[in-house]
Each structure stands twice: as C-alpha cells, then as structure tokens.
*Asks:* 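Before we start, here is the structure in question, set down as structure tokens.
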2 protein chains.
Amino acid sequence: MPHGRYLEVMTAQRQTKQLQAVRNAFESAGRPLSIDELHQMASEDLDSLGLRTVYRVVRKLQDADEIAVVSVPGSSDRYELASVASKHHHHFHCTSCDRFFDIHGCPGGLSKLVPEGFKLERHDLTLSGLCDACA
Amino acid sequence: MPHGRYLEVMTAQRQTKQLQAVRNAFESAGRPLSIDELHQMASEDLDSLGLRTVYRVVRKLQDADEIAVVSVPGSSDRYELASVASKHHHHFHCTSCDRFFDIHGCPGGLSKLVPEGFKLERHDLTLSGLCDACA
DNA sequence: TTGTAATTGGCAAATAATTGTCATTAAGGG
DNA sequence: CCCTTAATGACAATTATTTGCCAATTACAA
C-alpha cells in the first residue's frame, strides 16, 4: 500500500500536543524552518518533544499537503506552510544567523535567459546577506 | 599550520595524469560538475582513477583558486572553473538528467525585493526544467 | 638513472542526517 | 470512565558522503 496523503486522510488523526507545538512553530515563525529550528521552537512549548517526533510530524504534514519542502543552496531543507508555498515567492538567507525569510516579488523576464532547446519549468531565487537583526 | 592556498603554492606540485584527467573534465564539460560526474568523466581518460583521488584533487584545485564550489538547491555541490565562476552568472538544472548548465545573463533589479533593514550581499538563481538533450 | 617525497587508491573510520524498533504513553470514541 | 490503538521518545541501526590511514606507486630534480 502506498504511503501518501490518501492513507493519512483515512487514518485517524489525533490532536496531540506535539503536533500542535509544531504547527504553532510554523504559524508563529512566518518563515521557512529547518527540522532543528522546528525542534527548538516547538520545544519551548513542550520541552519533552523528541527530535524523532519532529521528523514524523513533518512527514505527516507533508503527506497532508499542509506544508511543503523548500530546498535551498548550501543549507539543509526548510519547510513552510502550503498556503505560503502555493504563492510564488523567493527567499532571503541570512549568512550570519542561517535563517531564511520570505521575499515577495519576483524579477521576472527569465524565459529570455533560457538556452535554445531547453524547457523552463520553474525557478528558484535566493538572496543572501544579513537580516535586519544581524545587520 | 593552516591548510590553505599559500601552503599549496609553496609545495611542489606534480603534474600527475590524475590531476590532468580532472582538469580535462572541467575543460571539456563546460558546465559545473559534481564529484561523481568528475569521477565518471575523468575515468574515461584514466580508468584506474579512484574516487578518493578525485576528492583530493578537487580540494587542491579549490585551494589553488583554480575551481570554485557551486551550492545548488536539492542536489550535491558542483564545482566549476574559477575563470567561469568569477563572471557573474546563474545555472539551469535539468530535472531529468540532473546536470547543471551555465546561464549567462541576470534578471537584475533585485535590490527592490529586499526587506527594509536587510543587507543584500549576493544572490543565486537556479532555473530548472529539461535540457535540450532531455526535452 | 637514481633517490626522495608527493601522490595514489583501497579500505576503514568518522560524520551527519534520517529511519527502524519497541515499550510506554495518551488521545478520544463509545 | 474505559479501551483501543495512534503516537511518542529513547536508542540503535541505516544510509550517504567525506576523510584518515598507509603501503605501493610515480613524478621529477639532481
């Protein structure tokens, strides 16, 4: 049996405090979070939270299309709310605190950069430097 | 003693066929290469080439500023000639063959996307889709 | 050609990130 | 309030990548 959204939807979902703590972390952060950031932030609500559980909750939220993975250059994967991910946007990476932030807007005009014969399907832009707190 | 370019420059450098095979791979590919791609391509010149040696040669070329690392989203690091890296450019990632290609040109106008108080230092753009061979 | 030391390559070991296992806990329907 | 079983968390195990080690090889200066 495939592991996926359908199965999860059919399966009973318990509203555990661990799940809530991770959800709260996404809501309150308002930016893409790594597994470790999620663990740290959600642990403030629930100090007994295990890293193993964070991995499992993240997988479950992914399967439920509640969050989406954000692959970034040079750092580990981040996750963000699907409601945010569904709106085209980009990210800013602070090289000092290693946090990622959402950037709204897009330069556009990228199709003219694509070589002859190539088929453009998506693009990712990462600005980097210092965030307001670190600057 | 620090491990760095200065030391390497002072140390005798032997023109081994392994080093030449890796250099040739960079020259003939004309695109950023992963460790495994380097190993595969250079092995066509020199079938005895060990992966361990590729790691070492890449490190040495980095220390000598002959090549630079290219961090990309969702895939392992690539390396490209410093002469290419020094000219601002971006990359295209083929999701079918997993190869990266150089893109010349840049959309520009990114500073207006930066949030108030943030300091923009660099940016990375990755287009993705299908390369000409896969399309 | 010879001597020396840089280089190589196979394998083990160190890293780092994620997952399997399983006894225990607890959510929530009845 | 129970009872069933989903969920948790500690730990071991796995996976993937990179590096340490060292005997054998080889570049190249003398």
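Lettering of chains follows the sequences in order, A, B, ..., and the numbering in each one begins at 1.
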*Asks:* Let me check the geometry of the helix from dT1(C)-dA30(D) to dG30(C)-dC1(D). What is the bend angle between the axes at its two ends, five pairs each, to 10°?
*Replies:* 40°

*Asks:* Using the salt bridge (charged side-chain N to carboxylate O under 4.0 Å, His left out) rule, collect all pairs that involve residues 31-42 of chain A, keeping only residues at least two apart or in two chains.
*Replies:* R31(A)-E37(A)

*Asks:* Could you tell me the separation between the CG atom of L61(A) and the P atom of dA7(D), rounded to a whole number of Å?
*Replies:* 12 Å

*Asks:* What pairs meet the side chain to side chain donor-acceptor pair (under 3.5 Å) rule with one or both residues in residues 102-111 of chain B, with sequence neighbours excluded?
*Replies:* H89(B)-D102(B), H91(B)-D102(B)

*Asks:* T16(B): what forms a side-chain contact (heavy atoms from CB on, under 4.5 Å) with it, not counting sequence neighbours?
*Replies:* R14(B), Q18(B), L19(B)

*Asks:* Rounded to the Å, how far apart are Y79(A) OH and dA17(C) P?
*Replies:* 12 Å

*Asks:* Kindly list each side-chain donor-acceptor pair under 3.5 angstrom involving residues 43-50 of chain B, sequence neighbours excluded, with atom names and distances?
*Replies:*
{"from": "S43(B)", "atom 1": "OG", "to": "H39(B)", "atom 2": "O", "distance (Å)": "2.5"}

*Asks:* When you compare the side chains of H88(A) and H123(A), does any donor N or O come within less than 3.5 Å of an acceptor on the partner?
*Replies:* yes

*Asks:* Expected output is a numbered-order residue list: members of residues 37-50 of chain A with a heavy atom under 4.0 Å from any atom of DNA chain D. What is it?
*Replies:* S48(A), L49(A), G50(A)

*Asks:* So if I define the base as every atom that isn't primed, P, OP1 or OP2, how would nucleotides 19-30 of chain C read as a B/S/- string at a heavy-atom cutoff under 4.0 Å?
*Replies:* BBB----BBS--

*Asks:* How many Å lie between NZ on K60(A) and C1' on dT8(D), as a whole number?
*Replies:* 11 Å

*Asks:* How would you list all residue pairs meeting salt bridge (charged side-chain N to carboxylate O under 4.0 Å, His left out) that involve residues 18-30 of chain B, not counting sequence neighbours?
*Replies:* R23(B)-E66(B)

*Asks:* Give me each pair satisfying salt bridge (charged side-chain N to carboxylate O under 4.0 Å, His left out) with a member in residues 103-113 of chain A, each pair once, sequence neighbours excluded.
*Replies:* none

*Asks:* side-chain hydrogen bond (donor to acceptor under 3.5 Å, both in side chains) with Q62(A): which residues, sequence neighbours excluded?
*Replies:* none

*Asks:* Which pairs would a plain distance check flag for residues 124-135 of chain A, meaning a side-chain donor or acceptor within less than 3.5 Å of a matching protein atom at least two apart in sequence or in another chain?
*Replies:*
{"from": "D124(A)", "atom 1": "OD1", "to": "R122(A)", "atom 2": "NH2", "distance (Å)": "2.6"}
{"from": "D124(A)", "atom 1": "OD2", "to": "R122(A)", "atom 2": "NE", "distance (Å)": "3.4"}
{"from": "D124(A)", "atom 1": "OD2", "to": "R122(A)", "atom 2": "NH2", "distance (Å)": "2.9"}

*Asks:* Can you name the salt bridge (charged side-chain N to carboxylate O under 4.0 Å, His left out) partners of R78(A), sequence neighbours left out?
*Replies:* D98(A)

*Asks:* For L19(B) and dC28(D), what is the distance between atoms CG and C1' respectively, to the nearest whole Å?
*Replies:* 15 Å

